[in-house]
Asks: 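First the structure, then my questions, so here it is.
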Amino acid sequence: MVFRALVFAAALLSAANASAQCTGDGVQLYPAPGGIVPTNMRILLEGVGTAKSPVLGLVGKPLKLVSTDHEVKLKVTKGWESSLGRATVILKLAEPMQPDKRYFLNLQEVLPNIALLNGQVGAQPSWLSGKGPDAKAPKWVKRPAVSEGFVRRSPQGIARFVKLNLALREESPAFLVVKLSPRRLGISPQQYLLPVQGTTAYLGHEACGGAFSLEDGRSYRARIEAFDAAGNLAPSTPPVDFEAPSAQGP
């Protein structure tokens, strides 16, 4: 089955504006609402800031996708949690969606008065199902590599990121799960979701929060896995070692 190519919605700000603003309190959905998705998609629901705890509280509770004449029950399981005020849960479909239908997720029933940060204001998030399931795993065209690091200061604080360059052969939206460990003993790894923005992903944090906490000049190892919207896993790739950019200097 062939699905329309989609650019996966960014959860992180680009290098040009990472320090200019911060993602507010609320939730984000991946794949981003409005797109065409495989009938066997999985949904990732991320809580940001004050929405982190309510999102984690959905684990084990019943949710569903609804079209005009079909419902699909969703099982909510815990995904990844960040020390910088983010948490992700995974919504797994109990059965495939039917092709060529628009399915809605009524978040207001379970998360009242919590803003959707990557959807249309005031509208229920929805997706259009494609022609069928996605059973093919993503393929690496270019394995992830750190191309640069940057630090930017703003009134809110310091934004610190490293840029990952990569390329995947994949027809559905894709994302990375990164396990980040300092290169010293006794420090627990951080594990979190990173959206793929074309051939780029940004690993780090904004001035007022983000997925990963990076410290000045510290050495890190990132173990990276790539999944598509249906949960298919790309072949394993070697870990990536890098040093976090330093904010010290004039």
Side-chain angles (χ1 to χ4, degrees), residues 1 3 6 8-9 11 25-48 50-82 86-138 170-177 191-196 211 225-233:
M1 299 294 180
F3 298 94
L6 299 172
F8 196 67
D25 296 337
V27 297
Q28 302 188 101
L29 288 162
Y30 306 98
I36 300 175
V37 294
T39 55
N40 62 336
M41 78 161 172
R42 294 193 309 175
I43 302 171
L44 303 179
L45 174 60
E46 179 186 60
V48 181
T50 58
K52 175 181 175 180
S53 292
V55 164
L56 288 175
L58 295 178
V59 174
K61 293 184 178 179
L63 294 176
K64 59 186 176 181
L65 288 171
V66 179
S67 71
T68 53
D69 56 0
H70 187 231
E71 292 185 358
V72 178
K73 293 181 180 179
L74 302 172
K75 180 181 179 181
V76 185
T77 60
K78 187 175 180 180
W80 306 274
E81 190 171 352
S82 168
R86 297 189 181 202
T88 301
V89 296
I90 304 170
L91 313 184
K92 298 180 180 180
L93 279 65
E95 62 178 287
M97 296 179 288
Q98 295 177 355
D100 300 317
K101 294 181 182 290
R102 182 159 295 280
Y103 284 83
F104 294 85
L105 176 65
N106 191 349
L107 281 179
Q108 285 299 314
E109 288 184 354
V110 292
L111 298 173
N113 303 317
I114 292 181
L116 177 60
L117 302 176
N118 66 338
Q120 185 177 350
V121 176
Q124 281 184 297
S126 68
W127 298 263
L128 181 63
S129 59
K131 299 298 183 183
D134 182 354
K136 293 183 178 180
E170 172 56 45
E171 295 173 341
S172 298
F175 65 92
L176 307 179
V177 174
Q191 182 170 311
Y192 211 65
L193 159 74
L194 286 187
V196 176
E225 295 181 315
F227 294 83
D228 63 19
N232 299 310
L233 174 63

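Every value quoted in this text rests on a predicted model; they were computed, and no experiment measured them. Values below: all heavy atoms of this structure, side chains included; hydrogens, waters and symmetry mates excluded.
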Asks: In terms of heavy-atom contacts, does CD of Q98 have more than 12 from other residues, nucleotides or ligands at under 6.0 Å?
Replies: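 Above 12, so yes.
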Asks: Mind checking whether K78 and L56 have side chains closer than 4.5 Å, heavy atoms only?
Replies: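 Result yes, sub-4.5 Å side-chain heavy-atom pair found.
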Asks: Under the salt bridge (Lys or Arg N to Asp or Glu O under 4.0 Å) test, which residues partner K136, sequence neighbours left out?
Replies: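 Result, salt bridge (Lys or Arg N to Asp or Glu O under 4.0 Å) vs K136: none returned.
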Asks: Determine whether V110 and K61 make a side-chain contact, defined as any pair of heavy atoms from C-beta on separated by less than 4.5 Å.
Replies: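 Sidechains of K61 and V110: no contact.
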Asks: I need the single residue from V177, N232, L176 that forms a side chain to side chain contact (heavy atoms under 4.5 Å, CB included) with F227. Which is it?
Replies: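 When side chain to side chain contact (heavy atoms under 4.5 Å, CB included) is applied between F227 and each of V177, N232, L176, only V177 qualifies.
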Asks: Atom CG in L91, atom CZ in R42: separation rounded to 0.5 Å?
Replies: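 One gets 10.0 Å once the value is rounded to the nearest 0.5 Å.
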Asks: When you measure from the side chain of N118 to the backbone N and O of L29, does any donor-acceptor pair fall under 3.5 Å?
Replies: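 A pair under 3.5 Å: yes.
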Asks: How close do Q108 and I114 get, heavy atom to heavy atom, and via which atoms?
Replies: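 Reported closest heavy-atom pair: NE2-O, 3.5 Å.
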Asks: Regarding T50 and D25, do their side chains bring together a donor and an acceptor under 3.5 Å, going by distance alone?
Replies: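 Yes, side-chain donor-acceptor contact under 3.5 Å.
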Asks: If you compare all heavy atoms of R102 against all heavy atoms of S67, which two are closest, and at what distance to 0.1 Å?
Replies: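 What the structure gives for the nearest pair is O-CB, 3.3 Å.
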Asks: Check Y30 against P195 and note the closest heavy-atom contact, atom names and distance.
Replies: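 The answer is CE2-CG, 4.2 Å.
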Asks: Roughly how far, to the nearest 0.5 Å, is CG of D100 from CD1 of I36?
Replies: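 Nearest 0.5 Å value for the CD1-CG distance: 9.0 Å.
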Asks: Output, in order, the C-alpha distance, side-chain angles, deciding distance and verdict of side-chain contact (heavy atoms from CB on, under 4.5 Å) for V37 and L128.
Replies: CA-CA 6 Å; V37 294; L128 181 63; over 6 Å; no
Asks: Looking at S129 and K101, would you say the former's side chain and the latter's main chain have a donor-acceptor pair under 3.5 Å?
Replies: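 Yes.
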Asks: Show the nearest heavy-atom pair for residues Q28 and L116, with the distance to one decimal.
Replies: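 Scanning both residues, the minimum pair turns out to be CA-CD1, 4.4 Å.
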Asks: If you measure from CD1 on I90 to CH2 on W80, what distance do you get to the nearest 0.5 Å?
Replies: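 So the gap between those two atoms works out to 4.0 Å.
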Asks: How far does CG of L63 sit from CD of E109, to the nearest 0.5 angstrom?
Replies: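 L63 atom CG to E109 atom CD measures 9.0 Å (nearest 0.5 Å).
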Asks: Report yes if some heavy atom in the side chain of L45 is under 4.5 Å from a heavy atom in the side chain of V27; otherwise report no.
Replies: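 Touching, per the 4.5 Å side-chain cut-off.
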Asks: At their closest point, which heavy atom of P173 faces which heavy atom of P31, and how far apart are they?
Replies: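 The pair with the smallest heavy-atom distance is CG-CB, 4.0 Å.
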Asks: Measuring from L93:CG to K64:NZ, what's the distance to the nearest 0.5 Å?
Replies: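 Those atoms lie 14.0 Å apart.
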Asks: Would you say that M41 contacts L65 through its side chain, given a criterion of any heavy-atom pair below 4.5 Å between the two side chains?
Replies: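 In contact.
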Asks: Among D228, D134, N40, exactly one meets side-chain hydrogen bond (donor to acceptor under 3.5 Å, both in side chains) together with S172. Which residue is that?
Replies: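 For S172, the side-chain hydrogen bond (donor to acceptor under 3.5 Å, both in side chains) check succeeds only for D134.
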Asks: Sequence neighbours left out, what pairs pass ring pair (Phe, Tyr, Trp, His ring centres under 6.0 Å) with at least one residue falling in residues 86-118?
Replies: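 Those involving residues 86-118 are H70-Y103.
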Asks: How long is the straight-line distance from OG1 of T77 back to CG of L58, given to the nearest 0.5 Å?
Replies: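 These two atoms lie 11.5 Å from each other.
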